[in-house]
Amino acid sequence: MKAMLAAKINQALADLGYAESGGKPAFAVEEPRDPDHGHLATNAALVLSKFCGKKPADLAGQILANIDNREGYIEKMAIAGPGFLNFTLSQKWWAKALADLLAAGDDFGRGQPKGIKAMVEYVSANPTGPLHVGHGRGAAIGDALVRVMARAGFDVTPEYYINDAGRQMRLLGESVLARVRELAGSAEPFPENHYRGQYILDLAREAYGRDPGLLRRPAEETVEELTDLAQRNILEGIKADLKTFRVRHDIWFSEKTLHQGGQVDQALADMEKKGYLYWQDGALWFRSESLGDDKDRVLIKSGGEKTYFAADIAYHWNKYQRGFDLVIDIWGADHHGYVPRMKAAVEAMGRRRDDLDLLLVQLVSLVRDGQPVAMSTRAGEFVTLKEVLDEVGADAARFMFLTRGPDTTLEFDLELAKAKTKDNPVYYVQYVGARIESILKAAGHPTGPADLELLSQPEEAALVKHLTSFPELIQSAAARREPHHLTAYLTVLARLFHHYYGRHRINAEDPALAAARMALARAIRLVVRLGLELLGVESPDSM
RNA sequence: GCGCCCGUGGCUCAGCUGGAUAGAGCGCCGGACUACGAAUCCGUAGGUCGCAAGUUCGAAUCUUGCCGGGCGCGCCA
């Protein structure tokens with residue numbers, strides 16, 4: 001509806017000879033907070049007056065006189081304050097908007113295909129231990145973003161990058177080996193900086209139980225074997241957790257394949273050709289400082305070993321090779337120092353900096369019994385995503401992770417989440433769906449035509465207005481990469497409905513009015529379902 | 001020291017790229033089930049939007065500087 005009004009105002013301005021530049025209007029159509037008003041406001045005259053030197057009030061008058069209202073969508077127009085234009089939309093407009101929504105059905109809010117091939121890479125936790133709560137937040141945000149972007153019209157692919165090469169993997173194998181030695185009676189202290197989690201011990205028991213002769217073979221060979229076993233095992237666990245969490249990755253990309261396929265060398269050769277690399281002190285350096293980084297970075301160490309960054313460059317190079325126009329990475333905020341060099345690398349590949357979008361998700365600080373819980377994989381004392389899911393469920397966890405923007409730290413109190421499951425806002429939203437289903441069922445699921453202009457209550461106008469802004473919300477959430485706006489939107493929708501329900505009877509005495517209200521209820525039900533679906537939260541018909 | 005993020009009612013946080021009287025959930029207090037689900041609703045109380053300047057007709061929102069909190073600054077991964 002904002003778009004409709006904006007178009008009319010733009011047309012009026014054009015008729016008056018104020019041609020706008022570009023497609024974007026210089027003014028904003030706003031909704032006053034008070035839901036009873038049911039009107040829209042714009043500052044068009046105020047903004048435009050700056051450029052043409054006219055008094056805002058005069059300009060506002062001219063605009064109003066030139067608004068095309070042949071369809072009768074606008075009930076009232078007025079000048080308010082120092083150049084604001086207030087529009088009250090007519091019953092006819094609300095009826096049409098609601099009818100359009102119902103006609104669209106499941107396709108409501110689906111954007112036109114944008115022709116942009118996007119990848120969202122997220123979670124990508126090292127397969128050295130189970131996912132913890134912090135990964136859960138990234139998973140919820142990433143998965144919701146994928147769903148929202150797809151809905152908005154992006155061609156989007158979710159991917160998981162498996163760091164299955166490098167030192168950490170070796171450390172993992174050695175950790176298991178150390179536990180196996182313990183099981184065999186060794187009194188050696190557990191090595192420093194190795195993984196101590198319970199899962200390591202479990203893996204050691206499994207391996208040792210299956211093959212007691214393990215320790216008699218050369219250590220090198222055993223470590224490799226155990227690394228492989230541990231990594232496969234842990235990755236399976238990660239996949240299982242993500243499945244429980246309803247998080248989907250279409251592609252599981254192995255870092256190892258980059259090295260084996262020579263792609264790291266190819267990517268570096270490409271940058272070399274463009275003059276971004278040089279040798280110094282026996283190491284190969286990337287001129288990232290010339291592209292906005294603090295300093296140049298090493299890609300191949302003087303020992304000949306490639307850095308993690310080199311592999312990461314190759315990985316991104318590979319993403320663009322695969323034809324993605326837009327690459328979005330979701331990282332933990334502790335990687336923010338990595339942003340400038342990654343952007344520099346993308347530029348060195350000959351891409352625009354904006355072809356890479358980096359989302360940093362701040363920490364989740366866990367609280368149990370009022371005490372902060374440390375979350376270090378190495379120390380082995382962490383709370384896993386699985387534990388949280390078992391306690392509060394996927395719906396509550398996902399909704400909770402998505403009520404906040406990614407750039408603020410999130411405090412997740414396990415005791416509170418456990419004790420107050422029923423008070424979680426997710427139920428407030430889900431309850432709307434269940435309540436409406438119940439009403440529709442009692443009324444025999446009416447689907448016939450209705451005179452939607454009978455919906456004349458202010459609460460109804462507020463509901464329709466909110467419902468019809470859903471497509472705009474999806475576009476904005478996708479463009480800004482902020483899926484969490486959905487939770488706020490749904491909470492408001494739920495509140496509007498519950499208020500409405502408390503004041504008016506949906507199955508009204510008057511059959512015509514009842515039919516119209518049933519149609520409105522169906523629309524609310526639809527949007528609740530679609531909205532929750534985008535968050536990856538279930539919307540049960542009964543609870 | 002440098003860089004990034006955050007600072008909004010008792011608590012946890014929204015605030016849609018600068019708009020009209022700052023919003024929700026939880027918590028407190030008082031009400032509402034002989035009509036569609038009380039996992040709900042109605043009502044009351046509670047805020048100098050960290051502080052101070054600046055830009056603007058207009059700032060929680062943009063700029064700068066302080067204060068407070070978190071994180072990061074390797075030929076680590």
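This is a predicted model, so every value here is computed, not measured. Residue numbering restarts at 1 for every chain, and letters A, B, ... go by the order of the sequence lines.
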Applying a 4.0 Å non-hydrogen cut-off, can you work out what [X] is touching in the nucleic acid: base, sugar-phosphate, or nothing?
X	value
A:K295	sugar-phosphate
A:Y501	base
A:A434	base
A:D334	sugar-phosphate

Could you tell me how far apart [X] ([atom1]) and [N] ([atom2]) are, to the nearest whole angstrom?
X	N	atom1	atom2	answer
A:I313	B:rC75	CD1	P	14 Å
A:L496	B:rU40	CG	C1'	15 Å
A:F497	B:rA39	CZ	P	13 Å
A:Q168	B:rA77	CD	C1'	5 Å
A:Q362	B:rC13	CD	P	12 Å
A:W331	B:rC73	CH2	P	13 Å
A:M400	B:rU12	CE	P	12 Å
A:L360	B:rG70	CG	P	19 Å

Inter- and intrachain pairs under salt bridge (Lys or Arg N to Asp or Glu O under 4.0 Å), touching residues 516-529 of chain A, at least two apart: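 Residue pairs passing salt bridge (Lys or Arg N to Asp or Glu O under 4.0 Å), neighbours aside: A:D106-A:R529, A:E437-A:R525, A:E460-A:R517, A:R525-A:D541.
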
[atom1]-based separation of [M] from [N] [nearest Å]:
N	M	atom1	answer
B:rA24	B:rA60	C1'	16 Å
B:rA59	B:rU21	P	11 Å
B:rC26	B:rU40	C1'	16 Å
B:rG25	B:rC62	C1'	30 Å
B:rU56	B:rU61	C1'	13 Å
B:rG58	B:rC29	C1'	38 Å
B:rC71	B:rC57	C1'	40 Å
B:rG69	B:rA38	C1'	41 Å

Taking the six-membered ring for Trp and the single ring otherwise, decide whether the centroids of A:F401 and A:H484 are under 6.0 Å apart.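 A:F401 vs A:H484: aromatic centres not under 6.0 Å.
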
Counting side-chain heavy atoms from CB outward, which of [options] is closest to [X]?
X	options	value
A:D407	B:rC36, B:rA77, B:rC6	B:rC6
A:L363	B:rG70, B:rC16, B:rA77	B:rG70
A:T408	B:rC6, B:rU40, B:rC75	B:rC6
A:H335	B:rA77, B:rC36, B:rA39	B:rA77
A:H499	B:rC75, B:rG25, B:rC42	B:rC42

Just N and O in the side chain of [X]: are any of them under 4.0 Å from OP1 or OP2 of [N]?
X	N	result
A:K301	B:rA77	yes
A:R404	B:rC13	yes
A:R435	B:rA38	yes
A:Y431	B:rA39	yes
A:K343	B:rC4	no

Hey, are the side chains of [X] and [Y] touching, using non-hydrogen atoms and a 4.5 Å cut-off?
X	Y	answer
A:Y160	A:E121	no
A:P130	A:I238	no
A:Y122	A:I141	no

Quiz: residues 309-316 of chain A side-chain donor-acceptor pairs under 3.5 angstrom, not counting sequence neighbours:
residue : atom : partner : partner atom : Å
A:Y315  : OH   : A:E159  : OE2          : 2.6
A:H316  : ND1  : A:D312  : O            : 2.9
A:H316  : NE2  : A:D329  : OD2          : 2.5

Begin with the C-alpha distance, continue with both residues' side-chain angles, and end with the deciding distance and a verdict on side-chain contact (heavy atoms from CB on, under 4.5 Å) for A:R503 and A:Q457. CA-CA 10 Å; A:R503 287 180 184 135; A:Q457 297 297 329; over 6 Å; no

How do A:G166 and A:P406 order along RNA chain B: which one's closest nucleotide is nearer the 5' end?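 Result of the comparison: A:P406.
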
Map A:Y428 and A:I506 onto RNA chain B by nearest heavy atom, then report which one ends up closer to the 5' terminus.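 The answer here is A:I506.
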
Taking syn as a glycosidic torsion within 90° of 0 and anything else as anti, which one is B:rU8?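 Base orientation: anti.
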
B:rC4 glycosidic torsion: syn (within 90° of 0) vs anti: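 Glycosidic conformation of B:rC4: anti.
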
Aromatic rings A:Y500 and A:H504: how do their planes relate, parallel, tilted or perpendicular, breaks at 30° and 60°?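 Ring orientation, 0 to 90° scale: tilted.
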
If a pair means Watson-Crick or G-U wobble with both distances below 3.5 Å, what does RNA chain B look like in dot-bracket form, with | marking bases paired to a different strand? (((((((..((((.....[...))))..((((.......))))......(((((..]....))))))))))))....

Heavy atoms only: give me the nearest A:P127-A:I162 pair and the separation to one decimal.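 Closest pair (atom of A:P127, atom of A:I162, distance): CG-CG2, 3.8 Å.
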
Within residues 479-495 of chain A, find the residues that approach RNA chain B with a heavy atom at under 4.0 Å, and present them sorted by residue number.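 The answer is A:R480, A:H484, A:H485, A:A488, A:T491, A:R495.
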
Taking only heavy atoms on the protein side, list every residue of residues 281-292 of chain A lying under 4.0 Å from any atom of RNA chain B, sorted numerically.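 RNA chain B contact set from residues 281-292 of chain A: A:D281, A:A283, A:W285.
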
List the residues meeting salt bridge (Lys or Arg N to Asp or Glu O under 4.0 Å) with A:R147, not counting sequence neighbours, and say none if there are none.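 By the salt bridge (Lys or Arg N to Asp or Glu O under 4.0 Å) rule, A:R147 matches A:D143.
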
Salt bridge or not for A:K306 and A:D265, using N-O below 4.0 Å?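 Result for this pair is yes, salt bridge flagged.
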
Charged N to carboxylate O under 4.0 angstrom, A:K295 versus A:E289?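 No, this pair does not count.
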
Any luck finding a side-chain donor-acceptor pair between A:Q168 and A:Y195 under 3.5 Å?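 Yes, because at least one side-chain N or O of A:Q168 sits under 3.5 Å from a partner of the opposite role on A:Y195.
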
Confirm from the modelled atom types if A:H336 and B:rG3 form a donor-acceptor pair under 3.5 Å, side chain to base only.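 Indeed, a donor on one side and an acceptor on the other fall under 3.5 Å apart.
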
Under 3.5 Å, is there any donor-acceptor pair linking the side chain of A:S302 to the base of B:rC75?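 A donor-acceptor contact between them is present.
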
Just do the side-chain contact (heavy atoms from CB on, under 4.5 Å) check on A:L410 and A:R137 with the steps written out, would you? CA-CA 9 Å; A:L410 171 67; A:R137 187 181 189 186; 3.5 Å; yes

I'd like to know if the side chain of A:W331 reaches the main chain of A:V361, judged simply by a donor and an acceptor atom lying under 3.5 Å from each other, with no hydrogens or angles considered.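 Not a single qualifying donor-acceptor pair exists.
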
